[in-house]
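Input: a single structure, listed below in structure tokens.
Both ligands and their constituent atoms are indexed starting at 1 by order of listing.
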Amino acid sequence: MIIAIDGTLASGKGTLAKKLAAHFNLPHMDTGALYRATGVAAMRAKVDLGDEEACADIASKLELSVYPDAELRTAEAGQAASKVAALPKVRQALFDLQRSFAMQDGGAVLDGRDIGTVVCPEADVKFWVDAAVEERARRRCLELEKAGKPISQEDMVKELKERDERDKSRAAAPMKAADDAFVLDTTVMTPDEVIKAALEFISSKSA
Ligand code: C5P
């Protein structure tokens, strides 16, 4: 079974993806990490984040293990990710990696922005996960505070809106829900409620 999970930042899509992968004993790929690592690598190499050829070259040689999770999770890495993610050649360079992960025997869970629409349109189950921007900002601020990098909620709302806009309006594989995705608005849901709703949807599909 291939499960495609797309949605906005801090909507809970990553948590849902990990829980579904554990539940069905499937491998999981956080595809955002690929774009984050490409952005971080470009910054480390002092490459302009709009230089399509140079960023695509970095993406094609990406070694994820070189980038500690803490470095990938910063707000700066997220912004860099969304800039390089707008470059079609970067997306092309990362496509095969994601596609072959999705097509492995037994299936997989992938989360990102374009899994159900571009990377794996034939996925057996698709989710679109979103939440109100204020709630997403609150969650992300809590995470950053725990990591010792506090940022005001007001600044976070601004950052999320900017990132959503860039991801939605880019020409290459814009962030959007697949027509056949099951929509989960997690604004007032706990992670347990989200997984319960997702599992109910999956069993209703296979029934
Ligand atoms: O999900 P995460 O916040 O880690 O993603 C970082 C950025 O990578 C997103 O803002 C988006 O621009 C890009 N991305 C993408 N397609 C994906 C996954 C992430 O464009 N499948």
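D167 OD1, 2.6 Å is the protein heavy atom nearest to atom 12 (O) of ligand 1. Distance from atom 8 (O) of ligand 1 to its nearest protein heavy atom, with residue and atom name: Y35 CB, 3.4 Å. Summary of contacts: the protein heavy atom closest to atom 18 (C) of ligand 1 is T31 OG1, 3.4 Å. Nearest non-hydrogen protein atom to atom 17 (C) of ligand 1 is R113 N, 3.3 Å.
Compare A10, A85, G32 by their heavy atoms: the one nearest to atom 19 (C) of ligand 1 is in G32. Residue R91 holds the heavy atom nearest to atom 16 (N) of ligand 1 of all those in R163, K168, R91, M175.
Using a 4.0 Å cut-off between charged nitrogen and carboxylate oxygen, K196 and E193 do not count as a salt-bridge pair.
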Should T38 and R36 be marked as a side-chain contact (heavy atoms from CB on, under 4.5 Å) after you check the CA-CA gap, both sets of side-chain angles, and the distance that decides it?
-> CA-CA 5 Å; T38 304; R36 286 173 179 268; over 6 Å; no

Take E76 and Q79 through the side-chain contact (heavy atoms from CB on, under 4.5 Å) test and state the conclusion after the steps.
-> CA-CA 5 Å; E76 201 189 4; Q79 286 289 358; 5.9 Å; no

Chi angles and distances behind the side-chain contact (heavy atoms from CB on, under 4.5 Å) call for V133, M156 | CA-CA 9 Å; V133 70; M156 183 52 74; over 6 Å; no

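Considering backbone and side-chain N/O atoms, R36 comes within less than 3.5 Å of an N/O atom of ligand 1. For K13, a nitrogen or oxygen atom sits less than 3.5 Å from a nitrogen or oxygen atom of ligand 1, counting backbone and side chain alike. Distances between N or O atoms of D111 and those of ligand 1 include no value under 3.5 Å.
Contact between V90 and E52 at its shortest, heavy atoms only, is CG2-O, 4.5 Å.
Side-chain atoms of D130 and T8 include a donor-acceptor pair closer than 3.5 Å.
Under a 4.0 angstrom heavy-atom cut-off, R166 registers as lying outside contact with ligand 1. Not a single heavy atom of K83 sits closer than 4.0 Å to an atom of ligand 1.
Of all atoms in ligand 1, listed by their number and element, those nearer than 4.0 Å to a heavy atom of A81 are 6 (C), 7 (C), 8 (O). Numbered from 1 in the order shown, with element, the atoms of ligand 1 that lie under 4.0 Å from a heavy atom of L9 read 3 (O).
In this structure, the side chain to side chain donor-acceptor pair (under 3.5 Å) partners of D192, at least two apart in sequence or on a different chain, are K19. Evaluation of the side chain to side chain contact (heavy atoms under 4.5 Å, CB included) rule for Y67 yields A37, V40, A41, R44, L62, L72 as partners, not counting sequence neighbours.
Using cut-offs of 30° and 60° for the angle between ring planes, the F182 and F201 rings count as parallel.
Of all the heavy atoms of M29, none lies under 4.0 Å from any atom of ligand 1, so neither backbone nor side chain is involved. Both the backbone and the side chain of S82 come within contact range of ligand 1, each with a heavy atom under 4.0 Å.
At least one side-chain heavy atom of R140 sits under 4.5 Å from a side-chain heavy atom of L144.
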